[in-house]
Protein chains: 2
Amino acid sequence: MARREPLNREKVLDAALALADSEGLDGLTMRKLAKTLGVEAMALYNHVSNKADILDGIAERVMADIPSADPALPWAERVRTLALGMYRAYRVHPVVPLAMVSDQANPASPAALRPVEALAGAFVEAGFDDDGLRWAVGAVNSLVFGSLLLITSGFGTAPPGPEQLEPFAGVDPAELPHFSRLLGALRRLDPEKDFERALDVLIAGLEAAAAGKSPGGSTRR
Amino acid sequence: MARREPLNREKVLDAALALADSEGLDGLTMRKLAKTLGVEAMALYNHVSNKADILDGIAERVMADIPSADPALPWAERVRTLALGMYRAYRVHPVVPLAMVSDQANPASPAALRPVEALAGAFVEAGFDDDGLRWAVGAVNSLVFGSLLLITSGFGTAPPGPEQLEPFAGVDPAELPHFSRLLGALRRLDPEKDFERALDVLIAGLEAAAAGKSPGGSTRR
DNA sequence: ACCTGAACACCGTTCAAGT
DNA sequence: ACCTGAACACCGTTCAAGT
């Protein structure tokens with residue numbers, strides 16, 4: 001059998017993303033990743049500078065999958081498209097939002113800035129002033145990241161995965177009647193649908209704010 | 001000097017929360033925690049069963065600080081009080097939301113369920129059906145957790161902490177004009193104020209949904 | 001009853017050495 | 001040019017031993 005052709009950065013990142021998807025952020029270790037590639041852990045350092053570089057690399061890849069919004073669309077539609085695009089891209093690779101939120105991936109990479117720039121552009125067009133801009137971008141980002149992070153944790157908005165509901169098996173319906181109802185409804189959850197509903201509410205509020213109504217504060221320029 | 005009086009679970013959790021607050025979730029290790037208490041790491045296992053138990057313990061403590069809402073208040077006010085209470089409790093100890101979201105703290109502890117039960121109760125009173133209940137609780141939780149988690153990460157809604165803005169120092173205002181504007185506005189950020197604005201928008205949308213209007217979907221029972 | 005030391009199976013990372 | 005082995009400073013955790 002011929003000697004395996006050499007590694008390169010792309011192959012390392014491919015394998016790292018695959019490993020992180022299947023094993024989670026904690027399961028992504030240099031040693032396991034190396035084994036996946038049929039190599040010793042130290043060989044990886046010829047192609048990436050360290051683990052943080054790997055996390056940055058996979059984050060950039062996933063963020064590159066976020067579609068940009070047609071600039072011809074009205075700003076509110078662009079916001080919707082962008083937020084949904086972020087949600088969908090991160091949903092496939094939940095390690096990435098988790099890495100960002102735990103400070104293990106660079107928040108200032110060009111790939112990370114692109115969707116935020118587009119979001120901000122939409123709000124500028126809507127007429128938000130600087131404070132309104134900050135608030136609006138923060139609100140959308142919070143909803144996107146919060147929806148994603150709670151999905152994987154089984155807390156709050158859990159996915160249909162039944163083993164994820166297992167920790168709640170012991171709740172007494174007599175003691176927590178409302179939560180028990182919620183638990184039943186979680187079995188029918190389509191996370192993206194619920195996210196879209198919340199997003200539409202938020203965008204409606206942003207439109208009202210842009211039109212000068214409360215609760216949005218000073219906005220018209 | 002007299003022999004130090006023995007450790008107990010409460011002292012371990014006190015020290016653990018303090019260490020996690022100052023060093024972050026990754027800085028909380030059994031060995032460092034032990035040193036803080038003037039003891040060897042293995043001594044901790046006499047008072048907690050393992051590290052997961054510590055994380056659960058500090059999470060429970062912080063969640064116990066979430067005030068419950070006066071049941072005499074209208075449901076929307078109760079939702080507001082509860083959400084703001086979660087935000088404030090977690091804001092002081094951001095390790096806790098991070099631990100929950102990375103599956104390192106038990107989402108089914110009584111302390112964790114209490115605020116969710118109260119939230120759900122408010123939405124039941126508002127007349128939401130099961131699917132509406134799930135959506136509404138998920139939306140509020142998502143906004144709370146998203147707002148908190150993005151604060152600490154410096155991504156999205158960053159706090160005034162200037163060293164947190166440092167990674168963005170290299171952005172070219174010509175290339176990312178809207179983001180640069182946002183960056184300027186971040187320096188004036190009061191995270192809780194922005195959170196409250198977003199929360200008010202969401203609650204207004206939930207009230208509209210409860211009254212049978214879109215975008216909230218089927219709600220009246 | 002409470003604590004320690006040594007040990008095990010893991011981490012990320014460096015460095016000299018091999019081909 | 002690329003990979004490996006040995007080593008270092010860390011992890012969480014177990015277990016026998018000390019007081």
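Within every chain, numbering begins at 1; the chains are lettered A, B, ... in the order of the sequence lines, protein sequences first and strands thereafter.
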* Quick one: does A/R134's side chain have a donor or acceptor within less than 3.5 Å of a partner on B/L182's backbone? ->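 No, because the side chain of A/R134 does not come within donor-acceptor range (under 3.5 Å) of the backbone of B/L182.
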
Listed by chain and number, what are the salt bridge (Lys or Arg N to Asp or Glu O under 4.0 Å) partners of [X], not counting sequence neighbours?
| X | result |
| --- | --- |
| B/E192 | B/R88 |
| A/E117 | none |
| A/D130 | B/R181 |

* Which residues share a side-chain contact (heavy atoms from CB on, under 4.5 Å) with B/E77, sequence neighbours left out ->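 Testing B/E77 for side-chain contact (heavy atoms from CB on, under 4.5 Å), a comparison that skips the adjacent residues, returns B/L73, B/P74.
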
* To do: Could you name each residue pair satisfying ring-ring contact (aromatic ring centres under 6.0 Å, His included) that touches residues 171-194 of chain B, not counting sequence neighbours?
  =>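 Passing the test, one end in residues 171-194 of chain B: B/F168-B/F179.
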
From [atom1] of [X] over to [atom2] of [N], roughly how many Å is that when rounded to an integer?
| X | N | atom1 | atom2 | value |
| --- | --- | --- | --- | --- |
| B/N46 | D/dT19 | CG | P | 17 Å |
| B/K35 | C/dC3 | NZ | P | 18 Å |
| A/E40 | C/dC15 | CD | C1' | 16 Å |
| A/L44 | C/dT14 | CG | P | 13 Å |
| A/H47 | D/dT4 | NE2 | C1' | 14 Å |

* To do: Can you check each nucleotide of nucleotides 7-13 of chain D against protein heavy atoms at under 4.0 Å and return B for base, S for sugar-phosphate only, - for none, in 5' to 3' order?
  => B---BBB

Using distance only, find each side-chain donor-acceptor pair of residues 43-56 of chain B under 3.5 Å and give its atom names and separation, not counting sequence neighbours.
unit_1: B/N46; atom_1: ND2; unit_2: B/A43; atom_2: O; d: 3.4
unit_1: B/H47; atom_1: NE2; unit_2: B/L7; atom_2: O; d: 3.2
unit_1: B/S49; atom_1: OG; unit_2: B/D53; atom_2: OD2; d: 3.3
unit_1: B/N50; atom_1: OD1; unit_2: B/A52; atom_2: N; d: 3.2
unit_1: B/N50; atom_1: OD1; unit_2: B/D53; atom_2: N; d: 3.0
unit_1: B/K51; atom_1: NZ; unit_2: B/L28; atom_2: O; d: 2.8
unit_1: B/D53; atom_1: OD1; unit_2: B/R9; atom_2: NH2; d: 2.5
unit_1: B/D53; atom_1: OD2; unit_2: B/R9; atom_2: NH2; d: 2.8
unit_1: B/D53; atom_1: OD2; unit_2: B/S49; atom_2: N; d: 3.0
unit_1: B/D56; atom_1: OD1; unit_2: B/N106; atom_2: N; d: 2.7

* Could you note down all residue pairs passing salt bridge (charged side-chain N to carboxylate O under 4.0 Å, His left out) where residues 13-35 of chain B supplies at least one of them, sequence neighbours left out? =>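 The answer is B/D14-B/R61.
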
* Asked: When you look for runs of 3 or more Watson-Crick or G-U pairs in a row, both distances below 3.5 Å, which of them include DNA chain C?
  ->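 Counting only runs of 3 or more consecutive pairs, the stems involving DNA chain C are C:4-8 with D:12-16, C:12-16 with D:4-8.
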
